[in-house]
Undergrad: 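I have a structure I would like to understand better, so I am pasting it below and will then ask my questions one at a time.
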Amino acid sequence: MSAAAETAAGRVLIIAGSDSGGGAGIQADIKTVTSLGGYAMTAITALTVQDTLGVHGVWSAPLEAVLGQIDVTLSDIGADAIKTGMLGTAALVEAVAERLSGVPDVARVIDPVMVATSGDRLVDDKAVGAIRAELIPGATLVTPNAPEAEVLSGKAVETVDGQRRAAERLLEAGAKAALVKGGHIDGAVIVDVLQTQQGEWLFESPRIETTSTHGTGCTLASACAAHIAQGDPVQEAVERARAYLQEAIRTAPGLGRGHGPVNHAWPLHKGD
C-alpha cells in the first residue's frame, strides 16, 4: 500500500445534523471517528438549537448545500464509509440516496434517526417512508433502536424475539446487515441483535444506570462506520463499537442538567 493510500484509510463521510450541545449529531460523529483513528468529513443537514434538556429549534440546510458538501468531499477526498444520521425530510432522504447510488462500492452505515433522546421528533412521516424505501436497500449496516425498528419494520420490538423479527424484516427490505439495539427495552442487561446474510449474533452488556445517554445512537453508528472504514467486517466492527460506547458511557463527564453527553475522547487518554 502506498503512503497516500495509508493516509486515506478510515475516511468517513457523515451526513447528519448539528447538535449545538456537542453530545450528538455531527459533533458526536466527528469526535467518535477521530478518537478511533479515522478521518471524519461532514455534510451538515440541519442546525439544531439543542442542549441536554432537549431540542429547542431545528433549521434544515438548503438541499443544494447538503448535496454540494457530499459532492465535493467525495470527489476530492473520497470515502471508505458513509454514515447517515438526521435526514429530516423525504426530499432530502431521496436526494441523499440518489447521491449514494453513485458510489455503490463505499460502505454505508444508516442510522435512521427519528427521535432525540429527549423524545423530540426529528423527522416527518414522509421521511420515514423514504428511509425505508430509499436508504435501507443496499445498506452495509442499519442501526435502529427499538422504537425506530418498530416503525421501519412494522414489528413490535419489546423483546429479543421482537428485535430478531425486526432485523429479519430489515434484511428482507434490502439491508445487508441490521443491528436492532435493545437499550429502550427494560432489563438489567441490554441485548443488541445483529443479523446479516451470514447469520445472527447477540451482544449483551450490563445496563449502566446513568443520565449520560445523549447521542449514544449517533456515537455507536459512527464507531461502526469508523471500524468498517478501516477494514473490519461488520460483526467485528459492531463488537468494537459497542465496547467503545460502553466505556464512553462509563466515563461520561456528567455535563448538563438533562441527558448528558458521553466521553467520546476516552481512547485518547488511556495512558494518562
Side-chain angles (χ1 to χ4, degrees), residues 14-17 19 24-25 28-29 45-46 48 50 54-55 58 60 82-97 100 108-187 190-196 200 202-203 213-222 224-225 234 238 245 259:
I14 303 145
I15 307 171
D19 171 12
D29 299 327
T45 61
T48 70
Q50 189 172 176
V55 180
V58 179
S60 297
I82 296 171
K83 181 256 182 181
T84 66
M86 177 184 172
L87 303 173
T89 67
L92 178 57
V93 173
E94 291 165 358
V96 168
L100 298 190
R108 286 180 278 159
V109 176
I110 307 300
D111 182 18
V113 176
M114 298 178 185
V115 181
T117 302
S118 59
D120 296 289
R121 185 75 179 262
L122 297 174
V123 299
D124 61 32
D125 291 337
K126 289 183 178 179
V128 172
I131 290 169
R132 186 188 298 113
E134 303 291 341
L135 280 182
I136 289 177
T140 304
L141 176 65
V142 183
T143 63
N145 59 32
E148 292 162 347
E150 284 191 352
V151 172
L152 290 171
S153 70
K155 300 290 185 180
V157 183
E158 299 172 349
T159 64
V160 171
D161 281 342
Q163 290 172 262
R164 284 181 162 133
R165 301 293 84 77
E168 289 170 358
R169 181 62 62 87
L170 291 171
L171 292 187
E172 291 170 1
K176 297 176 183 177
L179 177 69
V180 179
K181 299 172 292 187
H184 287 73
I185 299 173
D186 291 338
I190 293 175
V191 180
D192 295 338
V193 176
L194 173 67
Q195 287 191 7
T196 74
E200 177 184 271
L202 301 184
F203 300 94
T213 55
H214 185 52
T216 49
C218 304
T219 299
L220 182 65
S222 286
C224 289
V234 168
V238 169
L245 178 59
H259 295 284

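All values below were derived from every heavy atom in this structure, side-chain atoms included, with hydrogens, water molecules and symmetry-related copies excluded.
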Undergrad: Knowing that exactly one of Leu179, Val180, Asn145 qualifies, which makes a side-chain contact (heavy atoms from CB on, under 4.5 Å) with Asp192?
TA: Leu179

Undergrad: If every non-hydrogen atom of Val157 is compared with every non-hydrogen atom of Ala149, which pair is closest and at what distance?
TA: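 In this case the closest contact between Val157 and Ala149 is CG2-CB, 4.1 Å.
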
Undergrad: In chain order, what residues pass the salt bridge (Lys or Arg N to Asp or Glu O under 4.0 Å) check against Arg132, with sequence neighbours excluded?
TA: none

Undergrad: Any chance you could lay out the side chain to side chain contact (heavy atoms under 4.5 Å, CB included) test for Glu172 and Ser153, step after step, and finish with the verdict?
TA: CA-CA 10 Å; Glu172 291 170 1; Ser153 70; over 6 Å; no

Undergrad: Of all heavy-atom pairs between Val142 and Ala139, which one has the smallest distance, and what is that distance?
TA: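 Val142 and Ala139 have their closest heavy atoms at CG2-CB, 3.8 Å.
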
Undergrad: Taking all non-hydrogen atoms of both residues into account, name the closest pair between Ile136 and Ala173 and its distance.
TA: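 Answer, listing the atom of Ile136 first, then Ala173: CG2-CB, 4.0 Å.
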
Undergrad: What heavy-atom pair brings Ala46 and Met86 nearest, and what distance separates the two atoms?
TA: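 Minimum heavy-atom separation between Ala46 and Met86: CB-CE, 4.0 Å.
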
Undergrad: If the condition is salt bridge (Lys or Arg N to Asp or Glu O under 4.0 Å), which residues does Glu150 pass it with, not counting sequence neighbours?
TA: none

Undergrad: Quick check for you: to the nearest 0.5 Å, what is the distance between Cys224 atom SG and Asp111 atom CG?
TA: 9.5 Å

Undergrad: Got a donor-acceptor contact below 3.5 angstrom from the Gln50 side chain to the Gly25 backbone?
TA: no

Undergrad: Is there side-chain contact between Leu87 and Ile131, with heavy atoms separated by less than 4.5 Å?
TA: no

Undergrad: Is there a side-chain contact between Val234 and Lys176, using heavy atoms and a 4.5 Å cut-off?
TA: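 Answer no - side chains too far apart.
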
Undergrad: Indicate the atoms forming the closest heavy-atom contact of Ala24 with Cys218, along with that distance.
TA: CB-SG, 4.1 Å

Undergrad: Apply side chain to side chain contact (heavy atoms under 4.5 Å, CB included) to Leu141 and Leu194, showing your working.
TA: CA-CA 9 Å; Leu141 176 65; Leu194 173 67; 3.9 Å; yes

Undergrad: Roughly how far, to the nearest 0.5 Å, is the CD1 atom of Ile190 from the CD1 atom of Ile185?
TA: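 With rounding to 0.5 Å, CD1 (Ile185) is 10.0 Å from CD1 (Ile190).
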
Undergrad: In the structure I gave you, are the side-chain heavy atoms of Leu152 and Pro112 within less than 4.5 Å of one another anywhere?
TA: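 Leu152 reaches Pro112 side chain to side chain.
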
Undergrad: Which heavy atom of Val113 sits nearest a heavy atom of Glu148, and at what distance?
TA: CA-OE2, 3.7 Å

Undergrad: Return the CD to CD distance between Glu200 and Gln163, rounded to the nearest 0.5 Å.
TA: 9.5 Å

Undergrad: I would like to know whether Leu170 and Gln195 meet side chain to side chain contact (heavy atoms under 4.5 Å, CB included); could you show each step before the answer?
TA: CA-CA 9 Å; Leu170 291 171; Gln195 287 191 7; over 6 Å; no

Undergrad: Just by modelled atom types, is the Thr143 backbone N or O under 3.5 Å from a matching donor or acceptor in the Lys181 side chain?
TA: yes

Undergrad: Under the side-chain contact (heavy atoms from CB on, under 4.5 Å) test against Ile82, which residue among Val109, Leu100, Ile110 passes?
TA: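 Testing Ile82 for a side-chain contact (heavy atoms from CB on, under 4.5 Å) against Val109, Leu100, Ile110 leaves exactly one candidate, Leu100.
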
Undergrad: Answer yes or no: is there a donor N or O on one side and an acceptor on the other, between the side chain of Arg164 and the main chain of Val193, under 3.5 Å?
TA: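 Flag not set: sc Arg164 to bb Val193 has no pair under 3.5 Å.
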
